[in-house]
Protein chains: 2
Amino acid sequence: MGSKDRILRQKEETRCKILDAAYRIVKAEGWQGLNMRKIADDIEYTPPVIYEHFSNKDAILKEITKKGFLQLYNELKELKENISDPEEQLEAMWMAFWNFAFKNMEMYQVMFGVEMTCWLMKVPEAELQYELFLETIARVMPGEPDAEVVKQKYFSFFSVVHGLISINIVGDGLGGEMNTHILKDAIGGIIRSIRS
Amino acid sequence: MGSKDRILRQKEETRCKILDAAYRIVKAEGWQGLNMRKIADDIEYTPPVIYEHFSNKDAILKEITKKGFLQLYNELKELKENISDPEEQLEAMWMAFWNFAFKNMEMYQVMFGVEMTCWLMKVPEAELQYELFLETIARVMPGEPDAEVVKQKYFSFFSVVHGLISINIVGDGLGGEMNTHILKDAIGGIIRSIRS
DNA sequence: TAAATAAATCTAACAATGTTAGGCAAATTT
DNA sequence: AAATTTGCCTAACATTGTTAGATTTATTTA
């Protein structure tokens, strides 16, 4: 009687379909275009079915956000494994963070609260990328840097990068060269300031 | 027959009361706590009355945001008038920007889109503070700097400051010393990099 | 296999919230 | 004083999140 398995598999599949549908709608129409009825339409069920898989709409957002943080983490981790020089690694990681934001703009919005409710502090998966950066920053710094100082440097990086991403998302975009300039300047500047 | 005046004055007063009520509610309950019925309750009218003064809820948000940008502008302008040294002026202005964000957190959210729909690009009053900064930055830079470069420097400042503000708003706050450290470092760093 | 049970899914509705229609009453004008 | 305009209200509609309860389908039991 392997029906249990099949049923569980189907349940899991529907759950996935809900998340996929939700994010598909969001990519097409933005976060304010998302509602439960559209998700239901998309998966060809009625709205109440969604509530057998998620307790409410927020639970869906949370789950989507989790997946976003995991994806970001994986992209960063791969860089870490493929670049040996710590400074290069650090710069590449922030550039990857930057690219992630624009390749997955709606995801970034919900992850970091850009014109959208923020889930950063509500999903533990957000820690993953944070730890990754802390580690790399510590490797760039000489000696055995104090954890608080490393943290401070992380937020120095994060502030510029996130700030620049934000203004690009809510505004008209600053133009490619201007962004690159500001970004490289800032990241390069902080790296220089911590390396010795 | 001065009744026209009185009527206009009363209309204007109600309009003001609506804006005040709205922002009072927001300060007490956050942006998601704001709705038309609560505003109506607060001004002791029924909801439809609000629509005689504002075409919809967004128009209220927009008007509140306008006032926010004007307030920020005035605070910055006063600093400009009272500090002669350009570098000091610039640093003081960004510190004022920072302080404004935390003294008027909900206002900042709607002005710059932190966990809230953003009105930055939709109200012309936002230009005022921008121009003010551009002017001051140009004064700190030697010679007659290119407008594009000045703009770039503005966004360098803005990115760090806004990024740091954002993370403090959406997160648990980094703690006073850490914030001060990052902020002073960043602002000082950019000033140093542009002054000669 | 037929009855009993459980699971899946639906219809219908409720509550909150933005918004509008239409009516009554007060104020103003003629 | 009559006519008109204005101010304000009640009632309702639409959208959207969510839940209750019926119904149908699938599974288990006898």
Side-chain angles (χ1 to χ4, degrees), chain A residues 1-19 21-26 28-65 106 110 115-117 119 122, chain B residues 1-19 21-26 28-65 106 110 115-117 119 122:
Chain A
M1 231 153 280
S3 57
K4 265 280 155 60
D5 281 8
R6 192 202 62 229
I7 286 168
L8 279 192
R9 216 176 328 117
Q10 281 179 346
K11 197 148 194 171
E12 181 57 28
E13 204 182 305
T14 305
R15 195 186 141 88
C16 268
K17 276 188 189 159
I18 291 171
L19 294 174
Y23 193 54
R24 191 158 355 101
I25 292 164
V26 167
E29 310 177 36
W31 284 107
Q32 73 276 64
L34 179 68
N35 67 49
M36 301 302 264
R37 282 167 179 85
K38 273 188 204 159
I39 298 175
D41 269 9
D42 203 289
I43 63 172
E44 296 181 293
Y45 277 112
T46 52
V49 170
I50 301 173
Y51 290 85
E52 273 155 41
H53 301 273
F54 296 93
S55 62
N56 52 35
K57 194 185 178 186
D58 271 0
I60 297 177
L61 300 196
K62 192 172 178 176
E63 197 61 32
I64 288 177
T65 311
E106 295 78 17
V110 75
E115 280 201 295
M116 180 58 194
T117 58
W119 292 88
K122 292 169 188 155
Chain B
M1 229 157 278
S3 58
K4 265 278 158 63
D5 281 9
R6 192 200 63 229
I7 287 168
L8 278 192
R9 217 177 326 118
Q10 280 179 347
K11 198 147 193 172
E12 182 56 29
E13 203 182 307
T14 306
R15 195 187 143 90
C16 267
K17 276 188 189 158
I18 291 170
L19 294 174
Y23 193 54
R24 191 155 358 100
I25 293 164
V26 167
E29 311 176 37
W31 284 107
Q32 73 276 63
L34 179 68
N35 67 49
M36 301 302 265
R37 281 167 180 83
K38 272 187 205 160
I39 298 175
D41 269 9
D42 204 289
I43 62 171
E44 296 180 293
Y45 278 112
T46 52
V49 170
I50 301 173
Y51 291 85
E52 274 156 41
H53 300 273
F54 297 94
S55 62
N56 52 35
K57 194 185 178 185
D58 271 0
I60 298 177
L61 300 196
K62 192 172 178 178
E63 197 60 33
I64 289 177
T65 311
E106 295 78 17
V110 76
E115 280 202 294
M116 180 58 194
T117 56
W119 292 87
K122 292 169 189 156

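Quick note on labels: first sequence line is chain A, next is B, and so on, each numbered from 1.
In this structure, of dC9(D), dA8(C), dG7(D), it is dA8(C) that holds the atom nearest to the side chain of K11(A).
Rounded to an integer number of Å, the gap from I50(B) CD1 to dT19(C) P is 10 Å. Rounded to whole Å, the distance from CD on E52(B) to P on dT5(D) is 16 Å. Nucleotide dA8(C) holds its C1' atom 15 Å from the NZ atom of K17(A), rounded to whole Å. The CZ atom of F54(B) sits 13 Å away from the P atom of dT19(C) (whole-angstrom rounding). For E44(A) and dA8(C), the CD to P distance is 19 Å, given to the nearest whole Å.
Applying the side chain to side chain donor-acceptor pair (under 3.5 Å) rule to E29(A) yields the partners K38(A); only residues at least two apart in sequence or on another chain are considered. Take R37(B) and apply the side chain to side chain donor-acceptor pair (under 3.5 Å) test, not counting sequence neighbours, and it matches no residue. Residues passing the side chain to side chain donor-acceptor pair (under 3.5 Å) test with E106(B), sequence neighbours excluded: none. Contacts of K122(B) classified as side chain to side chain contact (heavy atoms under 4.5 Å, CB included), with partners at least two apart in sequence or in another chain: W119(B).
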(request) Summarise how protein sits on nucleotides 11-24 of chain D as a single string, 5' to 3': B when a protein heavy atom is under 4.0 Å from the base, S for sugar-phosphate-only contact, - for no contact. (result) -B---BBBBB----

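Applying the side-chain hydrogen bond (donor to acceptor under 3.5 Å, both in side chains) test to pairs two or more places apart or on separate chains, none has a residue in residues 43-53 of chain A.
The two residues I39(B) and I25(B) come nearest to each other via the heavy atoms N-CD1, 3.7 Å.
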